[in-house]
There are 2 protein chains.
Amino acid sequence: MEKQNVTIYDVARESGVSMATVSRVLNGNSNVRQATKEKVLKVIDDLDYRPNAVARGLASKKTTTVGVIIPDVTDGYFSSLARGIDDIATMYKYNIILANSDDNPDKEASVLNTLLSKQVDGIIFMGNEINDDLRADFKRSDCPIVLAGSVDINNSVPSVNIDYADAVKNETERLIKNGNSRIAFASGSMKQDVNKEYRLKGYVSALENNGIKFDEKLVFETKGTYEDGYDLAERIINDKITAAVATNDELAAGILNGMTDRGVSVPQDFELFTSNNTKLAKMMRPQLSSITQPLYDIGAVAMRLLTKIMNKEEIDNRYVVLGYEIVERDSTK
Amino acid sequence: MEKQNVTIYDVARESGVSMATVSRVLNGNSNVRQATKEKVLKVIDDLDYRPNAVARGLASKKTTTVGVIIPDVTDGYFSSLARGIDDIATMYKYNIILANSDDNPDKEASVLNTLLSKQVDGIIFMGNEINDDLRADFKRSDCPIVLAGSVDINNSVPSVNIDYADAVKNETERLIKNGNSRIAFASGSMKQDVNKEYRLKGYVSALENNGIKFDEKLVFETKGTYEDGYDLAERIINDKITAAVATNDELAAGILNGMTDRGVSVPQDFELFTSNNTKLAKMMRPQLSSITQPLYDIGAVAMRLLTKIMNKEEIDNRYVVLGYEIVERDSTK
DNA sequence: AAACATATTGAAAGCGCTATGAAAACAAAC
DNA sequence: GTTTGTTTTCATAGCGCTTTCAATATGTTT
C-alpha cells in the first residue's frame with residue numbers, strides 16, 4: 001500500500017555496512033572494496049531498491065533534470081529540435097521537463113520560474129522573441145541556459161543556430177538567377193528577430209547585390225500558419241509576383257497549395273523556397289525546395305553545449321553556427 | 001556566485017515568525033492571521049524568495065510532476081496528444097517530464113524506472129505495444145498510470161482512446177458503398193494491438209457485413225512511414241486494388257503521393273482513407289479523407305483522468321472512449 | 001616488527017521543506 | 001476574573017540521500 005518503502009538505510013542494515021558505503025557503490029565511487037560492493041549490490045537487487053532521486057537532488061543539489069521551453073511541441077520544426085535535445089540528454093543521463101510557451105512572454109516567464117524552483121540543472125530555451133525582460137530573467141536565474149534554433153540579437157546567452165540571413169540570401173539569389181525580379185518575402189511575425197534582423201536582411205542584400213530595388217510591398221508579414229499562406233496566395237497572384245521565399249514550411253505549404261488551387265503552375269509560373277525542410281517539404285506536390293537545416297543536430301548540439309556549461313568545462317564557442325544546405329526540389333526551376 | 005541562497009528559514013527570521021508559518025502562507029493554508037500573512041508575503045517579495053520544489057517534494061512526497069512516455073515527439077499524432085496533456089497538466093500545476101521511447105520495450109522499461117525514481121506523481125503512457133513485461137512493470141510501480149491514445153488489450157490500466165475498430169469499419173463500409181471490392185488494409189506494425197486487434201477487425205467485419213470475402217493478400221503490414229507508403233503504392237497498382245484504408249497519416253501521405261506520382265488519379269481510380277487527421281491530411285493534394293480523432297482532447301482527458309486518480313477521487317469510468325468523426329475530403333469519391 | 005602510507009569504512013551533519021503535537025494568544029461565556 | 005473554546009503560532013522531527021571528517025583496516029617499507 002505504501003509508496004517507495006525501501007530506503008538506503010534498509011540496504012545498509014541488510015548488508016551490514018553504513019549508508020555512506022551504500023551511497024558510494026550507488027554512485028560508482030571507486031573507494032569501495034570489491035567484495036563489499038558485490039555484497040551491497042546483491043542486497044540492492046534482493047530488496048529491489050530504487051534510489052529516491054528527490055532526496056538525492058536535495059542532498060547533492062543536482063537534479064539531473066533540464067528544463068526545455070518550447071513554443072509548441074506540435075510544431076514540426078521545434079519538435080525535431082526537441083528530439084535531438086532529448087536524445088543527447090538521455091545519453092548524458094538527464095531527463096527533460098518539457099513546457100509549452102506558445103511564444104507568450106508571460107507563459108515563458110512563468111514557466112522559467114517553475115523550472116528554476118524545481119532546481120533544474122540547466123535550461124534549453126526555444127522561442128522566437130527574446131526581449132529585455134526575458135534576458136533579465138535569464139541573467140537573474142543564475143542557471144545555465146542555451147538557446148536552440150532561436151536567436152538572441154544581443155547574444156546574451158549561448159546558442160545554436162544556422163546562418164539564417166545567409167541562407168535566405170542564397171535562396172533569393174537563386175530565384176533571381178532564374179529570372180525573377182518580383183520576389184515576395186513571405187514571413188512569419190516581424191516581431192521575431194530571426195525574421196526581421198536576419199532573414200529579411202538576407203533577402204534585401206540579395207536584391208541589392210543584383211541591382212533590384214527593394215520594394216516594401218513585397219514583404220508579407222503573417223502569423224506563419226498554413227492558412228495564412230493559403231490566403232496569401234491570392235495577394236501574390238494579384239501582385240504579379242513570380243517567386244517567393246517563405247520563412248517556415250507550413251506557411252510555404254499554404255502558399256503552394258493556395259497557388260496551385262488557384263490554377264497557377266509551380267514552378268513554371270511561380271517559384272517557391274521554404275526554410276526548414278521538415279518532413280512536410282517532401283510530402284507536398286510539387287515538393288518544396290528548401291533550406292535544409294540540421295534540426296535534430298541543432299537540438300543535439302545545444303544540449304551537448306549545455307552539458308558542458310553545467311560541468312563548467314571550457315567552452316571554445318558559445319555561439320554555434322551550424323552549416324545548412326539548399327535542396328532544389330520541384331517548387332523551383 | 002552561489003545558487004539558491006535564500007531559504008524558508010531566512011524569510012522566517014526576517015519576518016519574525018517560524019518556518020511553519022511561512023510554509024503555511026506559501027501553501028495557502030487558512031490558519032494564518034491576515035496581518036502575519038501580509039508581513040510574510042512582503043518579506044518573500046523583498047528577498048526574492050523562491051521555494052525549493054525538491055525539498056518540498058522530499059518532505060511532502062509529492063513532486064507535482066508527471067512523467068510522459070512518448071514514442072516520438074516528432075510524430076504529429078503523439079505530439080498533439082502531448083500538447084493536450086501539457087495544457088491540462090499546467091492547469092493543474094503539474095509539470096511534465098517527457099521521454100521518448102521509440103516504441104522500444106527496453107527504453108520504455110528504462111524510462112519508466114527513472115521516472116519512478118524521480119518520484120513522479122503519475123505517468124501518462126503512449127505506446128503502440130503493451131506487453132506482459134510492461135504490464136507487470138506498471139503493476140509493480142504502484143504509481144498512477146493512464147494510457148493516452150494507446151490500447152491495452154487487457155485493459156489493465158486506465159486509458160483514453162477512440163473506438164478504432166468502429167472507425168475503420170465505418171471507413172471501409174463507405175469504400176464498399178462507393179463500389180470498391182478490392183480494398184487494401186495498409187497498416188503499421190501488426191505487433192501493435194491497435195492494428196491487429198482493433199483496426200483489422202473493423203476492416204474485416206465491414207467486409208463480412210457486405211458479403212466480401214476477406215483476402216489476406218490485401219493486408220499490407222509496414223513500419224508505417226511515408227516511404228513505406230510511397231513504395232507500397234507500386235504493389236497496390238500491380239494488385240489492381242481500387243481503395244485503401246491506412247492506419248496513419250504519414251503512411252497514407254506516402255501512398256497518395258506514390259499513386260499520384262505513378263499516374264493514378266485519386267479518387268477517380270483509387271480511393272484512400274486515413275486515420276488520424278493530423279495537419280498533414282489537409283495539406284496533401286488531393287486532401288485526405290480521414291477519421292477525425294480528437295487528438296488534443298485525448299491527451300487532455302487522459303491528463304485530467306490522471307489528476308483524479310492521483311487525488312484518489314472517485315472515477316466513474318477508467319476506460320474512456322471519445323467520439324470520432326469521419327471527414328470525406330478529396331481522396332474519396 | 002615498527003612505522004608509515006594508503007585504501008575502506010562509519011558517524012553524523014546537513015540539504016530546504018512539510019507536518020504534527022503542544023504551547024500561546026485571543027475570544028466568548030460564565 | 002476565571003473557565004472554556006478557538007485561532008494562531010512555534011518547536012521539532014523527519015523526508016532519503018550526499019558528503020565531509022575522522023576512524024579503522026590493510027599494505028609496504030625498512
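Just so we're on the same page: letters track the sequence lines, and every chain starts at 1.
If you take CG of A/Asn27 and P of D/dT19, they are 7 Å apart, rounded to a whole angstrom. One interatomic measurement links the two molecules: CD1 of A/Ile8 to C1' of C/dA11, which rounds to 14 Å at whole-angstrom precision. A/Lys62 has its NZ atom 16 Å from the C1' atom of C/dG14, to the nearest Å. Distance A/Lys39 NZ to C/dT9 C1': 11 Å, rounded to the nearest Å. Rounding to whole angstrom units, CZ of residue A/Arg50 and P of D/dC17 are separated by 12 Å. Atom-to-atom, CE of A/Met19 to P of C/dT9 comes out at 16 Å; the value is rounded to the nearest Å. Taking atom CG of A/Leu58 as the reference point, atom C1' of C/dT18 lies 12 Å away to the nearest angstrom. Rounded to an integer number of Å, the gap from B/Ile44 CD1 to C/dC17 P is 10 Å.
The side chain of B/Tyr9 contributes no N or O atom lying less than 4.0 Å from OP1 or OP2 of C/dT18. Using a 4.0 Å cut-off, some side-chain N or O of A/Ser18 falls inside it from OP1 or OP2 of C/dG10. Dashed line: the shortest gap from a side-chain N or O of A/Lys61 to OP1 or OP2 of D/dC17 is not under 4.0 Å. Proximity of B/Asn52 to the phosphate of C/dC15: no side-chain N or O atom is located under 4.0 Å from OP1 or OP2. For C/dC15, the OP1/OP2 oxygens have no side-chain nitrogen or oxygen of A/Ser60 closer than 4.0 Å. Phosphate proximity of C/dT8 to A/Arg33: absent, as no side-chain N or O sits under 4.0 Å from OP1 or OP2. Remark: B/Thr36 is in phosphate contact with D/dT9, judged by side-chain N or O atoms under 4.0 Å from OP1 or OP2.
For B/Lys37, the NZ atom sits in a loose shell: 12 or fewer heavy atoms of surrounding residues, nucleotides or ligands are nearer than 6.0 Å.
In this structure, a donor-acceptor pair under 3.5 Å is absent between the side chains of B/Lys118 and B/Thr65.
Using a distance-only test at 3.5 Å, with no hydrogens or angles considered, no donor-acceptor pair links the side chain of A/Asp297 to the main chain of A/Ala300.
Remark: A/Arg13 engages A/Asp10 in a salt bridge, criterion side-chain N to carboxylate O under 4.0 Å.
Residue pairs meeting the salt bridge (Lys or Arg N to Asp or Glu O under 4.0 Å) criterion with at least one partner in residues 87-101 of chain A, sequence neighbours excluded, are A/Arg83-A/Asp87.
Out of D/dT9, C/dT9, D/dT18, the shortest distance to the side chain of B/Val32 is found at D/dT9. Listed nucleotides C/dC17, C/dG10, D/dC17 differ in distance to A/Tyr49; the shortest reach to its side chain belongs to D/dC17. Here the nucleotide nearest the side chain of B/Ala59, chosen from C/dG10, C/dG14, C/dG16, is C/dG16.
Note that the CZ atom of A/Arg56 and the NZ atom of A/Lys62 stand 12.0 Å from one another [nearest 0.5 Å].
Take B/Phe78 and apply the ring pair (Phe, Tyr, Trp, His ring centres under 6.0 Å) test, not counting sequence neighbours, and it matches no residue.
Among the protein residues, A/Val54 comes within range of no part of the nucleic acid, since none of its heavy atoms lies under 4.0 Å from any strand. Nucleic acid contact for A/Ser23: base, since at least one base atom lies under 4.0 Å from a heavy atom of the residue.
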Report each atom pair, protein N/O against N/O of nucleotides 20-24 of chain C, whose distance is under 3.5 angstrom.
none

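Residues A/Arg56 and B/Val17 both approach DNA chain D. Their nearest nucleotides, taken by heavy-atom distance, put B/Val17 toward the 5′ side.
Taking the side chain as every heavy atom from C-beta outward, A/Asp152 and A/Phe138 never approach each other to under 4.5 Å.
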